S.K.: 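A single structure is presented below for examination.
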There are 2 protein chains.
Amino acid sequence: MLGSDEIVNGSETIQIRSERRDAAENRQRILNAALKLFEQYGVEQVSMNQIANEAQVGSGTLYRRYRNKGELCLDLIKDNVDLLFSDIETYLVQNQSDSPSQRLKGILSLFIRLREKKAQLLTGVEGSSSTNPPRSIIESPVFNELHQLLVKLFDEMNATEQIHFNSVFRADMLLTALSRASYSFQRDERGYSPEMILEQLCALFSLNK
Amino acid sequence: MLGSDEIVNGSETIQIRSERRDAAENRQRILNAALKLFEQYGVEQVSMNQIANEAQVGSGTLYRRYRNKGELCLDLIKDNVDLLFSDIETYLVQNQSDSPSQRLKGILSLFIRLREKKAQLLTGVEGSSSTNPPRSIIESPVFNELHQLLVKLFDEMNATEQIHFNSVFRADMLLTALSRASYSFQRDERGYSPEMILEQLCALFSLNK
DNA sequence: AGTATAAGGGGAGAGCACTCCACTTGTCAA
DNA sequence: TTGACAAGTGGAGTGCTCTCCCCTTATACT
């Protein structure tokens with residue numbers, strides 16, 4: 001057997017080789033190069049070629065690891081994203097006596113904070129590739145995880161209150177409203193602050209109870 | 001003077017030459033070629049190069065007339081869009097005694113009908129260029145015009161009812177929800193019919209009065 | 001140590017959007 | 001009719017994303 005790790009999956013045994021040493025080095029070089037270029041020129045302005053050059057790898061190597069700039073961005077903010085979700089978790093535990101809508105608002109607030117902190121990279125995460133259809137945001141991993149949380153809370157709201165809305169649909173809409181296109185349009189063109197956007201959204205989704 | 005038409009604009013006189021005959025022919029050939037290719041392969045699958053080839057013009061000529069595929073699509077559904085807005089106008093006149101929210105719903109219904117009829121081309125209108133920032137949908141001409149109508153009706157709702165929402169923000173969100181990404185996600189992934197989407201949106205924006 | 005094998009590497013190249021600009025041509029006024 | 005010139009043309013060229021595929025190499029087992 002060639003594998004170094006084994007995982008038992010149902011009745012089958014699957015080999016998982018750990019990342020080769022040289023591959024790990026390249027990965028780090030790519031990440032460093034990307035970070036450097038992103039900081040210098042801005043995420044949007046940097047091409048995959050530039051990153052490959054700066055990292056001294058062929059573009060094939062770059063694309064082998066990251067199918068597009070979005071995935072690269074995601075890797076760069078992975079720590080922040082993990083932090084977001086652990087923040088959310090502690091928040092939910094500490095405030096479990098609050099109403100569902102209050103907790104929902106809290107989550108939105110935490111997410112918006114990340115949006116603001118890592119605006120460019122998060123934009124990169126969303127605006128991914130060109131060939132695979134530019135589907136909805138909901139299919140991006142970060143948003144997907146968030147979606148489940150939102151649905152749970154909307155369900156709770158439905159149980160608590162008299163009305164009965166479609167939780168999945170509402171979560172979809174809320175996330176769509178928080179997507180780059182929509183959010184940054186409100187920020188830049190409409191001139192709203194993060195707090196104002198949060199309040200408007202709470203009003204729209206009746207989250208003020 | 002070289003111009004064939006004149007327009008008085010303030011204190012200045014501006015020349016407007018009518019389109020050259022050969023240019024008009026090319027324009028028609030481009031439109032025909034695009035339509036043919038779009039029908040055969042689908043809007044997304046057809047490149048500007050292909051269109052230029054099929055139309056037997058250089059790509060420079062194509063781009064002189066249409067800065068991107070979105071503008072080309074817009075030209076192809078211009079008649080339908082004009083029809084939409086005249087339909088909306090007659091609808092609003094005939095139903096002016098309805099509540100603002102009812103009329104709003106009527107407009108949404110008409111728009112969704114267009115979405116369904118010209119789904120692909122409308123998608124093309126939105127997903128325009130690559131260099132100019134892929135800003136919000138609201139900046140697309142069709143959506144912009146719709147936006148003004150929505151704001152007016154939301155304002156009316158505010159005047160009629162006790163609550164006071166932000167009309168511009170609500171119109172932004174409503175249009176975002178009707179944008180290609182969001183709408184076609186609901187259609188294709190969530191499996192909702194146009195009618196169901198309409199109902200969900202009405203519930204979310206409390207348009208059921 | 002030797003070797004088979006899969007993981008990784010790199011670069012040529014396809015195909016794309018879009019620009020630039022030297023050239024051609026239709027149009028109008030004289 | 002003719003000439004001036006804006007309008008229009010076309011294709012070479014740039015720089016991009018992303019794929020393909022042949023080659024190299026680290027690794028695990030013998």
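Proteins get letters first, then strands, A, B, ... in listed order; numbering begins at 1 in each. The basis for the numbers below is simple: all heavy atoms, side chains too, and nothing from hydrogens, waters or symmetry mates. What you see is a predicted model, and the numbers here were worked out from it, not measured in a lab.
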S.K.: Could you tell me how far apart A:D22 (CG) and C:dA6 (P) are, to the nearest whole angstrom?
M.R.: 17 Å
S.K.: Taking ring pair (Phe, Tyr, Trp, His ring centres under 6.0 Å) as the criterion, tell me which of A:F85, A:Y91, A:F143 meets it with A:F111.
M.R.: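 One option only clears the test, and that one is A:F143.
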S.K.: Relative to the 5' end of DNA chain C, which residue comes earlier, A:R64 or B:Y63, by the nucleotide with the nearest heavy atom?
M.R.: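 On the 5' side of the pair lies A:R64.
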S.K.: Output yes when B:E19 and B:R64 qualify as a salt bridge under the 4.0 Å nitrogen-oxygen rule, no when they do not.
M.R.: no
S.K.: In whole Å, what is the span from the CD1 atom of B:I30 to the C1' atom of D:dT9?
M.R.: 11 Å
S.K.: Can you check the B:L62 CG to C:dT19 C1' distance for me, whole Å?
M.R.: 13 Å
S.K.: Look at the side chain of A:N26 and decide which nucleotide, out of C:dG9, D:dC18, D:dG8, has an atom nearest to it.
M.R.: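 The answer is C:dG9, which lies nearest to the side chain.
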S.K.: Looking at B:Q186 and A:D172, what are the two nearest heavy atoms and their distance?
M.R.: NE2-OD2, 2.8 Å
S.K.: Taking all heavy atoms of A:V125 and all of A:S140, pick out the closest pair and write down the distance.
M.R.: CG1-OG, 4.1 Å
S.K.: Using atom CG of A:N53 as one end and atom P of D:dT17 as the other, report the distance to the nearest whole Å.
M.R.: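 Interatomic distance, CG of A:N53 to P of D:dT17: 11 Å.
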S.K.: Atom pairs under 3.5 Å, N or O on each side, protein against nucleotides 11-15 of chain C: can you list them with distances?
M.R.:
residue: C:dG11; atom: O6; partner: A:G60; partner atom: N; Å: 3.4

S.K.: So which atom in A:H147 and which in A:V168 form the shortest heavy-atom distance, rounded to 0.1 Å?
M.R.: NE2-O, 3.7 Å
S.K.: Can you give me the closest heavy-atom contact between B:P141 and B:L74, atom names plus distance?
M.R.: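 So the two residues come closest at CG-CD2, 3.5 Å.
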S.K.: Starting at atom CG of A:L72, determine the distance to atom C1' of D:dT17, rounded to an integer number of angstrom.
M.R.: 14 Å
S.K.: Would you kindly give the CD-to-P distance between A:E19 and C:dA6, to the nearest whole Å?
M.R.: 19 Å
S.K.: Ignoring backbone atoms, test whether B:R21 places a side-chain nitrogen or oxygen under 4.0 Å from the OP1 or OP2 oxygen of C:dT27.
M.R.: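 For C:dT27, OP1 or OP2 has a side-chain N or O of B:R21 closer than 4.0 Å.
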S.K.: Which donor-acceptor pairs under 3.5 Å do the side chains of residues 47-58 of chain A make with protein atoms, sequence neighbours left out?
M.R.:
residue: A:S47; atom: OG; partner: A:N49; partner atom: N; Å: 3.4
residue: A:S47; atom: OG; partner: A:Q50; partner atom: N; Å: 3.1
residue: A:Q50; atom: OE1; partner: A:S47; partner atom: N; Å: 3.0
residue: A:E54; atom: OE2; partner: A:K36; partner atom: NZ; Å: 3.0

S.K.: Quick one: is A:R65 getting a side-chain N or O under 4.0 Å of the C:dG9 phosphate, OP1 or OP2?
M.R.: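 Yes, because at least one side-chain N or O of A:R65 sits under 4.0 Å from OP1 or OP2 of C:dG9.
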S.K.: Can you tell me which nucleotide in D:dG8, D:dT17, C:dC18 comes closest to the side chain of A:M48?
M.R.: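 Looking only at heavy atoms from C-beta outward on A:M48, the closest nucleotide is D:dT17.
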S.K.: Nearest-Å distance, OH (B:Y66) to P (D:dT9)?
M.R.: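 The answer, rounded to whole Å, is 12 Å.
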S.K.: Nearest-Å distance, CG (B:L37) to P (C:dC16)?
M.R.: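 Computing the B:L37:CG to C:dC16:P distance gives 12 Å.
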